[in-house]
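One structure is given here, and the rest of the page talks about it.
Chain A is the first sequence line, chain B the second, and so forth, proteins listed ahead of strands; every chain is numbered from 1.
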Amino acid sequence: MPDEAQPTTKSMDDIMALCKRRGFIYQASEIYGGVNGFWDYGPLGAQLKKNLRDAWWTDVVMKGCNGKPGPDGNPVSIVPLDSSIIQNPKVWEASGHVGGFNDPMVDDKETKQRFRADHLIGVYVSIPFESVEQFQVLQEAGQNIASPEVNVVPDKTIVANSSHEAVELLTDRKLQKLLGIRSFQPFANDTNGMVLGRIDAGSGERICEFRSIPAQTLELHASSVPSPFTGKAGSLTTPRAFNLMFKTVLGATGNAEDNTAYLRPETAQGIFINFKNVVDTTRVSVPFGIAQTGKAFRNEVTPRNFTFRSREFEQMEIEFFCHPDDSKGWYTFWRDWRMQWWQDLGLKGDNLILREHDSDELAHYAKEGAGTADIEYMFPFTAPGYGELEGIADRTNFDLKQHAEHSKTKLDYFDNTRGELAKNGQPKGERYLPHVIEPSAGLDRGVLALICEAFTPDENRPSGVYMKFHPRIAPIKAAVFPLVKKDGMPEIAEPLYNELRNRFGHLGTIEYDVKQSIGKRYARMDEAGCPFCFTIDSDTLTDNTVTVRHRDTLDQERIAIDRVADFLANKLGV
RNA sequence: GCGGGUGUAGCUCAAUGGUAGAGCGUCAGCCUUCCAAGCUGAAUGUUGAGAGUUCGAGUCUCUUCACCCGCUCCA
């Protein structure tokens with residue numbers, strides 16, 4: 001538990017007011033009344049966001065996880081990519097984003113599976129089974145054994161195209177076990193058009209009927225319909241039409257029917273569809289990763305919580321390709337390293353957690369016991385809960401397989417370091433579809449987390465609050481102030497300012513301000529989160545030293561003016 | 001999507017149905033010798049938007065937009 005003065009005391013209203021006041025984040029189209037789900041970054045916010053993106057780019061891509069060896073002991077290899085926001089619409093069919101575009105979909109909240117509502121087949125268990133004869137007698141008497149009326153909830157459910165397919169699927173032992181079915185046998189023939197079987201779902205053998213579930217049943221009783229993935233009720237949502245992708249039309253005169261395209265809902269697919277290109281042209285070899293940052297768009301039903309859930313957002317994604325046997329090791333590696341990375345940027349303590357998804361029951365479609373973990377931050381609006389910053393998922397070979405099938409392109413990787421040894425002592429090589437570990441981070445969420453974390457109320461200072469940004473991501477890196485605008489102080493300060501700007505300007509803003517009282521200037525830097533202020537005073541005139549004012553401690557120290565740049569370089573870690 | 005709340009200057013907020021204001025911030029000048037000091041002055045609003053009631057609307061009514069909170073949701 002938090003010891004004291006933890007973020008629960010931070011007010012989101014105060015944070016948002018500061019974001020506006022200091023130019024971090026504005027509402028998009030504000031002068032027109034805004035637009036739901038979109039935000040603009042102001043001067044400080046834009047630089048903050050760039051600094052976070054750059055930190056990720058540098059540490060992940062350029063330095064390969066900052067030089068930390070992978071689980072195989074070798075350096076981690078990552079190459080960059082910048083794929084287009086608009087792709088061939090077939091990409092989104094293959095990825096499953098377009099599937100059931102106009103069809104109501106149901107989600108299983110527990111397993112995160114989504115399926116078409118009309119593909120949910122109900123298994124209606126009815127009278128105890130004693131003999132086929134007894135059943136036939138009932139049949140001939142015209143008695144309905146089970147009736148999928150609106151108010152009747154099926155005992156089990158299966159996702160299938162038809163009742164007949166559902167029967168076939170249910171003959172699978174694994175599925176039976178998953179759904180808590182002890183035994184199942186289909187009837188050889190349909191009876192009066194009914195699809196039947198004998199089933200033991202825990203209360204002895206009974207007759208069951210397979211039927212589509214009426215849409216109304218799902219509408220009215222979603223919470224009591226059992227999940228087709230776990231057999232347990234309570235995790236299904238009501239059917240909803242999903243239109244999460246933004247549509248657009250290609251060509252100025254194109255007609256919408258034939259030329260519909262979509263703004264990407266995630267950057268990941270751009271990487272998968274370029275896997276072959278990268279492998280063919282850049283001398284990479286598995287294991288390696290492809291990384292990119294970029295905007296993605298989702299037409300969220302309910303944008304909420306400041307920038308946390310926006311309709312336009314920026315992702316920082318890595319798709320790391322490895323041999324299927326190595327996926328577990330790489331998953332663990334990425335999960336832990338990504339957590340460490342956020343911590344190193346200042347998200348520490350109880351505010352940041354690593355939450356591993358419970359996936360024991362997903363074994364039948366998430367092979368190899370694929371893992372998923374979230375790195376989550378306790379935002380003021382989620383406290384005492386957490387909101388996701390980054391997800392690390394073992395996607396197996398799902399995506400490459402999908403794209404290989406839909407594009408009819410071979411996406412296998414030929415690994416000539418594996419396979420049996422040939423006579424000459426060289427491995428014969430192995431052809432396989434790599435598995436993928438995906439660390440996918442939200443840049444806007446990262447920025448928001450850094451802002452929330454940095455926001456530090458302090459009654460003892462004039463600003464009442466200061467932004468405790470890690471120097472590396474602070475939008476303003478340093479400020480140069482002549483104590484007063486006379487006695488030759490500006491003449492000394494200006495060259496120092498120019499020196500710092502030339503050397504550090506690519507990392508962020510260097511501020512120079514001669515106006516108004518020094519206290520006011522310090523206060524402004526507190527709210528902007530500038531970590532260091534260098535002040536030229538009368539002593540500078542005689543001994544060539546300046547005051548360094550530390551944002552977090554308010555401490556002051558004197559250093560030689562010609563050491564200022566090195567001092568700052570050291571603090572910024574460059 | 002449902003329910004509740006809030007929209008007045010950059011921020012925080014006033015204004016009985018009767019002239020739209022204050023503090024802070026911002027800007028300019030003076031002053032200044034290390035934490036929003038002081039003095040002088042200035043700019044800033046279709047009161048979220050649109051309709052209606054009224055002699056007259058920031059205020060009452062309706063519609064709409066945005067944001068916040070709670071549900072819902074978030075492949």
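Not counting sequence neighbours, the partners of Arg298(A) by the side-chain contact (heavy atoms from CB on, under 4.5 Å) test are Pro265(A), Glu266(A), Glu300(A), Phe313(A), Gln315(A). For Gln556(A), the side-chain contact (heavy atoms from CB on, under 4.5 Å) criterion is met by Tyr522(A), Thr547(A), Arg549(A), not counting sequence neighbours.
Put simply, the side chain of Asp13(A) and the base of rC68(B) share no donor and acceptor less than 3.5 Å apart. If you check distances only, the side chain of Arg549(A) does reach the base of rC35(B) with a donor-acceptor pair under 3.5 Å. Residue Thr547(A) places a side-chain atom within donor-acceptor reach of the base of rC34(B), judged by atom type and a 3.5 Å distance cut-off alone. Not a single donor-acceptor pair, N or O on each side, falls under 3.5 Å between the base of rG25(B) and the side chain of Arg22(A).
Here, rC27(B) and rU64(B) have their C1' atoms 37 Å apart, quoted to the whole Å. Look at the C1' atom in both rG58(B) and rU8(B): the space between them is 6 Å, to the nearest Å.
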Intra- and interstrand pairs of RNA chain B - dot-bracket, Watson-Crick/G-U under 3.5 Å, | marks other strand: (((((((..((((....[..)))).(((((.......))))).....(((((..]....))))))))))))....
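Between Tyr32(A) and Thr535(A), the residue anchored nearer the 5' end of RNA chain B, judged by the nucleotide with its closest heavy atom, is Thr535(A).
Atom-to-atom, CG of Asp513(A) to P of rA36(B) comes out at 15 Å; the value is rounded to the nearest Å.
Counting only N and O atoms by type, the side chains of Tyr331(A) and Arg335(A) include no donor and acceptor under 3.5 Å apart. Using a 3.5 Å distance cut-off with no hydrogens or angles, the side chains of Asp543(A) and Thr545(A) do pair a donor with an acceptor.
Listed pair Lys515(A) / rA28(B) meets the phosphate criterion, a side-chain N or O lying under 4.0 Å from OP1 or OP2.
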